[in-house]
Amino acid sequence: MPLRIPTELPAWQTLQRLAADIQGPTLRELGQQQGRFASFSFQAGPLLLDLAKQRLTPQVLDALLALAEQADLPGGIQRLLRGDFVNPTEGRAALHTALRARSEDRPSAVSTEIETAQAQMQALAADLHAGRWRGHTGKAITDVVHIGIGGSNLGPEFVLEALQYQNTGRFRIHFLASVDGHLTERLLASLDPERTLFILVSKSFSTMETRVNAETARSWLLERSGDRAALARHFLAVTARPKAAQEFGIAAENVLPMWDWVGGRYSLWSAVGLPLLLAVGPDNFSRLLAGARAMDQHLAEAPLAQNLPVLLALIGIWNSNFLGAHSHAVLCYDHRLRRLTDYLQQLETESNGKTVRLDGTVSEIPTTPVLWGGEEPNGQHSFHQMLHQGTVHLSLDFVLCRAADHQLPKHHHWLQASALSQSEALLRGRSLRELDDPEDPYAIHRLVPGNRPSTTIVLDRLTPESLGWLIALYEHKVYCQSLIWQINPFDQWGVELGKVLATQIHAELSGGGEARHDASTAGLIRHLRDQHSKAKHAGGTDERDPNLSGT
Ligand code: F6P
């Protein structure tokens, strides 16, 4: 299929002309137009997508939709949902949507595998819940430790935080992602080896952080149980490399599948989501899948002009490629959604943070912006100063819920007021005329330029379904943007070099060999190694400050 270079598409040229039209109305002026909310806000299922605070006019929206047509978004969407090889650099399909599809709608090639895995997951969860699965001394499991990182961690951890209201409370679920021993040591010290189940989640089963934590957990258990057979009662794995899991010591029947055709950052719908199933139960897990499935259907069927992921993708392109916003903040006005930004950071930047197009040519235009943000309204008392008066040109997503699930309406209204006031202030700013004392010699310091674009996403209420809709909205936004930029969102070759160097440097820090490094890295290795051996020779312990007590 010939590549459609985005900048050569006629709509791209139109958008460039529209963006350069500095005589046109400012965002602040646009914001005053009557009927704007009705024209630029869109609803699907439990989601409202308000683009009325974007620098959009009907002409811009038309040109963006023309761009979507010319880039063949409809064809690209079909290819994804049909199970075509949309990940050519790794020679695979990307079938995360099949994981949540109805069985009759799944590509037949993966249908049986998915159903078998789902049945295995459900049976395991039921055994654990009913106390049929017990620890090696016959005690019921109380703590589940999910060991995994990146896509094997961020989705389940985010969703579990978001669905705390649905948590049955049957298990304490812990997540161990980083290799930092402070975390591992403290967590293990809090656990009972007779009642703890470890789930090792790694598609490749070779990720350093996961492997090191898994080895430490295995030693911890073996030291306390003195019995290798105990591993079978305390370790599960979710992986696309079952042999490696078995070599690690995990019983074959305790290995759940992952597949090459599901990317890590798209995998929470698979057995990677096992801790979710354990925490919120099978009904809520199915509801999460159903929400995402409804969004898949919306993506497939809604016209481009009403299609939420397409619109969100186009707005991102407009801001970053035409209006120069290379930083994008996602601000979450719901404590339960506080991990959304971390999740999206991987989803968006690991998918589209690339420069080389599918045909090997280099993209001359920016692709995904820096993505950051977090839980609000905390940022209002921290970095919002920069949002309003700083020099960084950025765009924002505000995410909030219409209804809360607590009995403190005053809190909820203040939270919503915080969200809406921030997006309004960013849009309209504050001019000299609007100041109480415009003659004040320092008045200029109180001016707010405004004209900063944002999108508001309102979930009707945070439920498993609406969360499924929201996550799939962003998944598909990322895919639609990749179709316009003509890059492969499903590989991540950029992370490989760091992994190779980490192995080499780890060996050097442990005293083995010397490789060639730049001056800074070589100097730092020497410094860390020399200081470590000095501390050892002085008879001290370099691992823990002896003046600190406890863990
Ligand atoms: O290093 C990046 C990455 O490969 C991510 O793409 C992935 O989600 C994460 O590491 C974890 O990988 P794995 O599931 O193979 O341990």
Side-chain angles (χ1 to χ4, degrees), residues 45 74-88 90-127 151-152 155-156 159 199 201-205 236-243 245 252-278 280-301 309 464-465 467-469 471-473 475-476 478-479 488-491:
I77 290 168
Q78 262 186 25
R79 286 197 297 282
L80 173 80
L81 299 176
R82 203 167 53 202
D84 288 6
F85 271 32
V86 290
N87 176 0
E90 295 179 315
R92 302 166 186 169
L95 282 168
H96 45 286
T97 55
L99 295 168
R100 56 216 190 200
R102 286 204 181 78
S103 46
E104 61 272 24
D105 298 330
R106 285 193 187 113
S108 52
V110 294
S111 195
T112 313
E113 287 175 87
I114 292 175
E115 269 154 44
T116 310
Q118 286 180 343
Q120 192 185 356
M121 233 176 127
Q122 301 280 354
L124 253 167
D127 282 352
S152 292
V159 173
I199 310 180
V201 184
S202 177
K203 180 174 164 181
S204 60
F205 217 79
L236 291 175
V238 180
T239 182
R241 306 281 170 268
K243 265 183 78 181
E253 64 276 16
N254 290 354
V255 181
L256 289 101
M258 262 286 276
W259 305 277
D260 283 342
W261 39 264
V262 179
R265 53 197 174 274
Y266 299 88
S267 67
L268 77 92
W269 323 100
S270 70
V272 171
L274 182 59
L276 295 174
L277 182 61
L278 292 174
V280 302
D283 289 349
N284 287 317
F285 191 69
S286 304
R287 289 172 61 194
L288 177 77
L289 267 51
R293 176 164 69 238
M295 176 49 96
D296 298 341
Q297 196 175 351
H298 170 81
L299 175 77
E301 293 172 3
E465 286 91 350
L467 190 61
W469 274 86
I471 298 172
L473 167 72
E475 281 182 353
H476 296 323
V478 167
Y479 179 64
N488 178 4
F490 298 114
D491 64 14

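All residue numbers refer to positions in the sequence shown, counting from 1.
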* To do: Please list, chain by chain and in numerical order, all residues satisfying salt bridge (Lys or Arg N to Asp or Glu O under 4.0 Å) with R100, sequence neighbours excluded.
  => D296, E475
* To do: Would you mind reporting whether Q120 and P257 have side-chain heavy atoms less than 4.5 Å apart?
  => yes
* Considering residues at least two apart in sequence or located in another chain, which fulfil the salt bridge (Lys or Arg N to Asp or Glu O under 4.0 Å) criterion with R106? -> E115
* To do: Test T97 against H476 for side chain to side chain contact (heavy atoms under 4.5 Å, CB included), laying out the working first.
  => CA-CA 10 Å; T97 55; H476 296 323; 3.8 Å; yes
* Would you confirm whether K203, through its side chain, and G151, through its main-chain N or O, come within 3.5 Å as a donor-acceptor pair? => no
* Asked: Does a side-chain heavy-atom distance below 4.5 Å link L236 with V255?
  -> no
* Taking all non-hydrogen atoms of both residues, which atom of S267 and which atom of G264 are closest, and how far apart? -> OG-O, 2.6 Å
* So, do V110 and W259 sit near enough that their side-chain heavy atoms are less than 4.5 Å apart? -> no
* To do: Starting from the C-alpha separation in whole Å, work towards a yes-or-no answer on side chain to side chain contact (heavy atoms under 4.5 Å, CB included) for W269 and V262.
  => CA-CA 10 Å; W269 323 100; V262 179; over 6 Å; no
* **side chain to side chain contact (heavy atoms under 4.5 Å, CB included) partners of Q78, counting only residues at least two apart** => R82
* At what distance, to the nearest 0.5 angstrom, does OG of S270 lie from CG of L289? -> 9.5 Å
* Asked: So how far is it from M258 CE to S204 OG, rounded to the nearest 0.5 Å?
  -> 9.0 Å
* Kindly write out the residues that satisfy salt bridge (Lys or Arg N to Asp or Glu O under 4.0 Å) with D105, not counting sequence neighbours, or none if the list is empty. => none
* Structure fact -> Paired with P107, the side-chain contact (heavy atoms from CB on, under 4.5 Å) test is passed by just one of L81, L95, I114, namely L95
* L268 and I471: CA distance, side-chain angles, deciding distance, side chain to side chain contact (heavy atoms under 4.5 Å, CB included) verdict -> CA-CA 10 Å; L268 77 92; I471 298 172; 4.2 Å; yes
* Can you list the residues that meet the ring pair (Phe, Tyr, Trp, His ring centres under 6.0 Å) rule with Y266, with sequence neighbours excluded? -> H96, F490
* M121 vs L277 side-chain heavy atoms within contact, under 4.5 Å -> yes
* Asked: Is any side-chain heavy atom of P309 closer than 4.5 Å to a side-chain heavy atom of M295?
  -> yes
* Does the side chain of N254 reach to within under 4.5 Å of the side chain of L124, using non-hydrogen atoms? -> no
* **Q297 side chain to A292 backbone, donor-acceptor under 3.5 Å** => no
* **S111 side chain to S108 backbone, donor-acceptor under 3.5 Å** => no
* Asked: With no hydrogens and no angle check, do the side chains of N87 and D491 hold a donor and an acceptor under 3.5 Å apart?
  -> no
* Would you say the side-chain atoms of T239 pair up with the backbone N or O of S202, donor to acceptor, closer than 3.5 Å? -> yes
* To do: Test side chain to side chain contact (heavy atoms under 4.5 Å, CB included) on L274 and V201 and set out the steps.
  => CA-CA 10 Å; L274 182 59; V201 184; over 6 Å; no
* Asked: Is there a side-chain contact between V280 and P464 (heavy atoms, below 4.5 Å)?
  -> no
* Asked: So do the side chains of F205 and K243 get within less than 4.5 Å of each other, counting heavy atoms only?
  -> no
* Sequence neighbours excluded - salt bridge (charged side-chain N to carboxylate O under 4.0 Å, His left out) pairs with any residue from residues 281-295 -> R287-E465
